[in-house]
Every structure is written in structure tokens, then in C-alpha cells.
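Along the sequence shown, residues are numbered consecutively beginning with 1.
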Amino acid sequence: MTTVMIILRLVHITLGVFWAGTIFFFVTFLEPSVREAGPDGARVMQGLQKRNYLNFMPLIAGLTILSGIALYWRVSAGLAAGWITSRIGLGLTVGATASVLAFVVGVFGMRRAALGAASKSAALQRSSEGEARDALMAEIQALRQRARTSARWVAVLLAIAVATMAVARYL
């Protein structure tokens, strides 16, 4: 195994574990706990946002995918059809596809909805009582639900990616 392959595998696996583990933790424990905490839970989400969670995770996911593409290119001998249609090739292709879909859903579903909810929450703090405030609260709830649903899809897609990549060589 060449040094480049070792580095690519180290980057891909380490960042992939971080990405998937963070999403699994978020969906299973953090988000339900934040939701149960009610208004106090918003502070936790604000803390995550202050620490650039919604910017950091797409970077981690992107680097995971880019290193995965480089690995895929190398092990498939430049996308050789015979390798891609082999059992290991199909396993890794399914995992790669699931991770790219997870990235797209994460960035354009989860992240976008979470940022929208955060900006509307800031506007909510400045609004006065009445119909406008109630409408804003309804929009925030809808965005939070969209973020929650997207996060669950990301978790499912990453579970597929992790499982198929873990067993692909044994298919």
C-alpha cells in the first residue's frame, strides 16, 4: 500500500467516523433532548451555531467524500467498468452514493432549515405579541421539523454508507 493510499484511507475513515458518529449522536440523543428542554434547548442550539457546527460539519463531510472519491478512483483503476460491477465495486458504489446523498440532504435540507429557524428565532425575540409573532413561531416550528426530518434521513443514509463500506470487501 502506498503512502498516498494510507493517507487517503486515514483521512477518509477518520473523518467518516466523525461525520457519521456526530450525526448518529445528534439524531439519537442531542436533538430529542434539546426539543424536550423547550425554550432552554434553543440556547444549546445557539451554542452549537456559535461554535460553527453548521459550517464545520459540511467541511468534514466534504473532505470525507473527496478522499473517498480519490480512493474509489485508485481502487477502481480509473473507474474500470469491470471493477465497478464487481461485488466489492457495487458495495462501495452503494456506500458512496448514500454518502453523497447524505451530504446533499444535510447541506440543503438540515443545514438550510436549521439556519432559517435560527434567523427567524432571532427575529422572534424582536417581535411583539400578536398574529405576526404567532406566524413567525409557526414558521420556526416548520423549519425545525424539516431540519429534524432531514437529519434523520442523513443518519439513515450514513448508516447505509458505513454498513456497505464496512462489508464491501467481503461480498
Side-chain angles (χ1 to χ4, degrees), residues 7-8 10-72 92-166:
I7 292 169
L8 285 172
L10 185 62
V11 168
H12 183 69
I13 293 168
T14 302
L15 294 180
V17 166
F18 184 84
W19 179 23
T22 299
I23 291 298
F24 297 155
F25 171 77
F26 182 87
V27 167
T28 306
F29 298 106
L30 184 60
E31 188 279 328
S33 298
V34 166
R35 196 169 7 105
E36 285 176 10
D40 290 335
R43 290 187 194 146
V44 174
M45 296 311 288
Q46 289 168 350
L48 286 174
Q49 191 171 350
K50 185 172 121 181
R51 287 165 182 78
N52 286 311
Y53 172 76
L54 294 173
N55 296 324
F56 184 68
M57 289 310 296
L59 176 65
I60 293 296
L63 290 172
T64 302
I65 290 170
L66 289 175
S67 60
I69 289 169
L71 285 166
Y72 191 92
L92 293 176
T93 300
V94 168
T97 302
S99 65
V100 170
L101 288 172
F103 178 80
V104 170
V105 172
V107 170
F108 297 105
M110 181 181 164
R111 181 177 186 273
R112 185 174 284 171
L115 288 173
S119 70
K120 290 191 183 295
S121 292
L124 182 67
Q125 292 174 352
R126 296 186 302 269
S127 72
S128 58
E129 297 294 325
E131 287 182 27
R133 183 176 175 86
D134 293 342
L136 202 50
M137 287 179 68
E139 287 180 54
I140 292 168
Q141 289 304 325
L143 287 167
R144 286 180 180 162
Q145 179 59 44
R146 187 176 312 145
R148 183 170 38 255
T149 301
S150 296
R152 289 177 182 161
W153 274 108
V154 170
V156 167
L157 290 164
L158 287 178
I160 292 168
V162 168
T164 56
M165 290 184 190

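The aromatic rings of Tyr53 and Phe26 sit parallel, their planes meeting at an angle under 30°, below the 60° perpendicular limit.
One distance of note links OG of Ser121 with CE of Met45; it measures 10.0 Å at 0.5 Å rounding. The OG atom of Ser67 sits 12.0 Å away from atom CD1 of Ile7, with the distance rounded to the nearest 0.5 Å. In this structure, Arg144 CZ and Thr149 OG1 are separated by 14.0 Å, a value rounded to the nearest 0.5 Å. Between the CG atom of Leu30 and the CG atom of Leu48 there is a distance of 6.0 Å, given to the nearest 0.5 Å. We find the OG1-CE distance between Thr64 and Met57 to be 8.0 Å, quoted to the nearest 0.5 Å.
Under the side-chain hydrogen bond (donor to acceptor under 3.5 Å, both in side chains) criterion, the residue pairs touching residues 92-108 are Tyr72-Thr93, with sequence neighbours excluded. Sorted by first and then second residue, the pairs that involve residues 102-125 and meet salt bridge (Lys or Arg N to Asp or Glu O under 4.0 Å), not counting sequence neighbours, are Lys120-Glu139. Legend: salt bridge (Lys or Arg N to Asp or Glu O under 4.0 Å) pairs involving residues 147-161, not counting sequence neighbours, sorted by first then second residue: Glu31-Arg148. Sequence neighbours left out, the pairs with a member in residues 41-57 that pass salt bridge (Lys or Arg N to Asp or Glu O under 4.0 Å) are Asp40-Arg43.
Between Val27 and Ala151 the shortest heavy-atom distance is CG2-O, 3.4 Å. The two residues Ala147 and Ala113 have their closest heavy-atom pair at N-CB, 3.7 Å. Considering all non-hydrogen atoms of both residues, Leu54 and Ala114 come closest at CD1-CB, 3.9 Å. When every heavy atom of Val154 is checked against every heavy atom of Ala102, the shortest pair comes out as CG2-O, 3.5 Å. Shortest non-hydrogen contact noted between Ala155 and Phe24 is O-CE2, 3.3 Å. Scanning all heavy atoms of the two residues, the minimum distance from Pro58 to Val107 falls at CB-CG2, 4.0 Å.
Side-chain atoms of Thr164 come within 3.5 Å of backbone N or O of Ala161 as a donor-acceptor pair. The closest donor-acceptor contact from the side chain of Thr28 to the backbone of Phe25 lies at 3.5 Å or more, if one exists at all.
Scanning for side chain to side chain contact (heavy atoms under 4.5 Å, CB included) contacts around Ala96 gives Met165, with sequence neighbours left out. Not counting sequence neighbours, the partners of Leu71 by the side chain to side chain contact (heavy atoms under 4.5 Å, CB included) test are Met5, Leu8, Arg9, His12.
Looking at Trp19 and Ile65, their side chains come closer than 4.5 Å, going by heavy atoms from C-beta outward. Residues Thr14 and Phe18 have side chains not in contact (no heavy-atom distance under 4.5 Å, counting atoms from C-beta outward).
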request  = Please report the C-alpha distance between Leu101 and Ile160 in whole Å, then the side-chain angles of each, then the deciding distance to 0.1 Å, and finally whether the side-chain contact (heavy atoms from CB on, under 4.5 Å) criterion is met.
outcome  = CA-CA 11 Å; Leu101 288 172; Ile160 292 168; over 6 Å; no

